[in-house]
Every structure is written in C-alpha cells, then in structure tokens.
Amino acid sequence: MLDHMAGNQQRATGQYRTAVLRPENATAILPSGPGAPASADSGDATTILERADDAGAPARRGTRTAPGPRRTGAQPGTLSPAAQRLADQSGRRRKRGWVALAVVVLLMIVVAGVFWYLGPGPGGNVRIPEVTGKSVSQARQLLEAQGLHPASKTGVRFDAVVAKGQVSTTQPAAKREVQKGTSVRIVVSNGPRMIPLPAIVGQPISTVTAALNHDFQLQDDRYQFSADAAKDTVIAATGLGTDGTPVDLTTVQQYGERGPVTLTVSLGPVPDVVGKTVDQASTVLQGVGLTLGTQDDQYNDEVPEGQILSAKAHDSPAVRGTAVDVVVSKGPAPITLPDVHGKTIDDATSTLENLGLKVSVPDCTNVLCGFYDWKSSLPVSGTDPVAGSTVHRGDTITLAYEQ
C-alpha cells in the first residue's frame, strides 16, 4: 500500500514522498519538498505531524527528524508567528484601506456640498444684473431671477439720462458680484435737475460756451450767415425735451442738467458782390466759405456789361458751402433804329428820344429858317445810322433834312 501511495505521489509531483503511519497517538512524518504541502518553513526537512490529543506533548525520544525547522504544539487552524504577523499586517492594511476610502468618500461629499452651496445653492455668488432704464417691476423680476432680494423701499435721484419713473441704478451697482440673497435697493430716476439758463442770444460764442459748459452737454455748434447779427455771436440755442422733440432754449428760463445744447452762431451777412465782376465775386464768396452758383445775364441800361446786377443765396439761411446765384449785366438792350423818314424834325426827335437815344440835328443855314420854326416844319430825309440798324440806349442818332 505504501508503495502504491509513493508511486501515486511520484506521478503527481515528480518527487517521492514518504509517510510514516503510526498507530493511534502516533506522529506522522512527511518530507517537505516542491510537491509537499505549504508550510511556513522551506527546505527538505521532514515534518512531524502529531495528533490533536498529543498537542503540546514533547516529542518521543528516539524520533529522528531531518534537518530543518520543527513546529510542535500547533493547534488545528492556528498560524505560525510569522504567518500571524503577515495576517495581522494584511488586516491592518485592509482596515487602513477602508478608512482611506471612507475619508475619500466623505471628502467628495463635502466638496460636492461646498460646490453646490457656492454654486446653485444659497451660498453662491451672482452678478447684479443691469436694470437701468427698466420699470421697477421689471427690475424686481430680474433681480429675483438671479437669487437676489429687492429691497421693499426704492430710492430716488436726479438723472439727466434716464427718464423720470424708470430705474436709474441699483445699490450695490450693476455687474458687482455679491452672494445670493443679498438685498439690492432699486433707485428710481426723478428726471434731470433743472438749472437756470444764462443770457444766450446776442452774446459772443466764447461767453455763452463758458456759461453753459459746466452744467450742460454742448453739441457741435452750427454756423449760418445772418444780416442781423455780428459775426461770432449766438443767434439761437436748441435743446431736447423729455419726449425727444427740439426745444428753443431762448423761450425757456431753465433746462435739465446735462441736457444737450446746440448753439447757432452768426457768420455775419453774406458778402455784397453787386457791381463786381464774376471773377471778383467768386473770390469774395470763397473767402467766407460760399460758392458762386448760377449766372444769369440781363440787359441793363445803367450797369455796364459784365458787372453783377444782383446776388442771392440759394439756401436760406445760408451756411458754409451754400451757393450764391448772381445776375450779370449785359449792358443796355439793343434797339432797332426805326424809320423816321418824312417826319418833322421835332416828331422824329421825340420818337428817338423815347427809345433812349440821343438826337443830333445840324443847324439850318438857310436865311429863311430865322423867320419860322423850321424844326416843326421841315421833314427828315434820313438818319445816321440808317433805319433798321442796331443801336443801344444812349447812342446818338443824327437826323438829315433838306434846307
């Protein structure tokens, strides 16, 4: 039987294993080796296995054991001191692992709670929304939507920009970061503060600008030509009403603080170019920012040809860049000399003078002319220039007659 067991062990492990079986209360001796049962000790020593009822008893005298460590007195299910130390260390490691895991989980819960509290929770920070220009009810809704608490009482202040009755600002101001639940006070606009206006019309622009610049917003000045105001004096001032319509500031006593003001300044009268040539007029007009406009020609018996008869600005009131239209004299109008042949000298003279012509009649050398009114009796025989010729007012026509 022993040989059979040894053969099986050899086939299973590749090594021989010897077992000494003793009667009851005997000790079994098993060799250790690569195929032997695991033990706390290593080597090729033979291990003596004792029965449970012999535990703690000294080994029988005469028992031979192979060199190697010896374990005696072990109870079933107990570990050697080295194995026990390893088991204790493994237990402590497992315990520390569970403790570390619990700490990590706890920290994760705490961090998540902090993030929730400081984020979507009640401890989070938010930026105060911009509510300027909104109604009070709209402002309250916007603040509450951000988790803020609108104060029950609103404030009031003058505001030159926001219309009266609308929200001017908040306390704390918009875009500031505060904690959720913070109380925010809404401040309502009472419109601009009204400020008395100084004298404006007829004053030098420098004086008016200095008086208005501190309290109002001066816009770009407007300039126009005026025959009634000296150059660089203010002739008008315009502001804006609460409804956005223009307001003539020369008709009111006070105006809202920081309100826009546009001053109209005189450039003086449009230069008089009548009697000047076209080239002369163009130079004068360009010197003040005007341009020469259309040119019409007209006959004129008094103004020489080429001189300007009249001038008028194309736009009224004229501003810089406005064109000035002129009428240029063509001199006296042409006249077709009528035929006065056969008329008495007096009748012919009257006809020609009515046309603006001058008449020359040679003296009568006949002795008889001294005895009667020959100009009312003698007929005209011709003219110089001849009838049908083109003449002009002021030209001299010489009459011919028979003496």
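- We find the OG1-CZ distance between Thr322 and Phe225 to be 7.5 Å, quoted to the nearest 0.5 Å.
- No side-chain donor-acceptor contact under 3.5 Å links Gln203 to the backbone of Ile200.
- Thr245 and Asp243 share a donor-acceptor pair across their side chains, judged by distance under 3.5 Å alone.
- Here the straight-line distance linking atom CG of Leu337 with atom NE2 of His392 works out to 12.5 Å at 0.5 Å rounding.
- Residues that satisfy the salt bridge (Lys or Arg N to Asp or Glu O under 4.0 Å) test with Asp325, not counting sequence neighbours, are absent from this structure.
- Inter-residue side-chain proximity for Val328 and Leu309 is flagged as unmet; no heavy-atom pair is nearer than 4.5 Å.
- Note on residues 255-299: pairs passing ring-ring contact (aromatic ring centres under 6.0 Å, His included), not counting sequence neighbours, are Phe216-Tyr255.
- In this structure, the separation between CD on Gln141 and NZ on Lys134 is 11.0 Å, given to the nearest 0.5 Å.
- Remark: Arg140 pairs with no residue by the salt bridge (Lys or Arg N to Asp or Glu O under 4.0 Å) rule, at least two apart or across chains.
- Of the possible donor and acceptor atoms, one in the side chain of Thr132 sits under 3.5 Å from a partner among the backbone N and O of Ser168.
- Between Thr238 and Pro246, the closest heavy-atom pair is CG2-CB, 4.0 Å.
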Inset, instruction - I would like to know whether Asp221 and Ile205 meet side-chain contact (heavy atoms from CB on, under 4.5 Å); could you show each step before the answer? - result: CA-CA 9 Å; Asp221 297 330; Ile205 180 61; 3.8 Å; yes
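- A distance-only check finds no donor-acceptor pair linking the side chain of Ser282 to the backbone of Asp279 [under 3.5 Å].
- The two residues Asp248 and Ala237 make their nearest non-hydrogen contact at OD1-O, 3.5 Å.
- In this structure Asp215 satisfies the side-chain contact (heavy atoms from CB on, under 4.5 Å) test together with Ile195, sequence neighbours excluded.
- Rounding to the nearest 0.5 Å places CZ of Arg127 at 9.5 Å from NZ of Lys175.
- Remark: Arg185 engages no residue in a salt bridge (Lys or Arg N to Asp or Glu O under 4.0 Å) (not counting sequence neighbours).
- Considering only heavy atoms from C-beta on, Val187 stays 4.5 Å or farther from Val156 through its side chain.
- For the pair Leu352/Leu399, a side-chain contact is recorded, criterion being any heavy-atom separation below 4.5 Å from C-beta on.
- Side-chain N or O atoms of Ser350 include none that pairs as donor or acceptor with a backbone N or O of Asp346 at under 3.5 Å.
- A donor-acceptor pair shorter than 3.5 Å can be found between the side chains of Gln138 and Ser135.
- In this structure, the side chain of Ser266 engages the main chain of Ala230 through a donor-acceptor pair within 3.5 Å.
- The CG atom of Asp228 sits 5.0 Å away from the OG atom of Ser226 when rounded to the nearest 0.5 Å.
- In this structure the side chain of Leu285 reaches within 4.5 angstrom of the side chain of Val273, judged on heavy atoms.
- Under 4.0 Å is where a charged nitrogen must lie from a carboxylate oxygen, and between Asp301 and Arg393 at least one such pair does.
- The backbone N or O of Pro317 sits nowhere less than 3.5 Å from a side-chain atom of Asp315 that would complete a donor-acceptor pair.
- Taking all atoms of both residues into account, the shortest heavy-atom contact from Ser376 to Thr344 is O-CG2, 3.5 Å.
- Scanning both residues, Pro269 and Ala227, for their nearest heavy atoms gives CB-CA, 3.9 Å.
- Contact annotation: the side chain of Val188 approaches that of Val136 to within less than 4.5 Å [non-hydrogen atoms, C-beta and beyond].
- Of the possible donor and acceptor atoms, one in the side chain of Ser389 sits under 3.5 Å from a partner among the backbone N and O of Val386.
- Side chain of Thr351 to main chain of Asp347: a donor-acceptor pair is present (N/O by atom type, distance under 3.5 Å, no hydrogens or angles).
- Side-chain contact between Thr291 and Gln286 is absent, with no heavy-atom pair separated by less than 4.5 Å.
- Panel note: side chain Ser381, backbone Ala400; a donor-acceptor pair is recorded below 3.5 Å.
- Every residue was checked against the salt bridge (Lys or Arg N to Asp or Glu O under 4.0 Å) condition with Arg222, not counting sequence neighbours, and none meets it.
- A heavy-atom distance below 4.5 Å is not found between the side chains of Val247 and Leu240.
- Between Asp272 and Lys276, the closest heavy-atom pair is O-CE, 3.8 Å.
- Taking both residues in full, the closest heavy atoms of Ile308 and Val274 are given as O-CG1, 3.5 Å, listed atom of the first, atom of the second, then distance.
- The closest donor-acceptor contact from the side chain of Ser329 to the backbone of Val303 lies under 3.5 Å.
- Going from atom CZ of Arg258 over to atom NE2 of His214 covers 8.0 Å, rounded to the nearest 0.5 Å.
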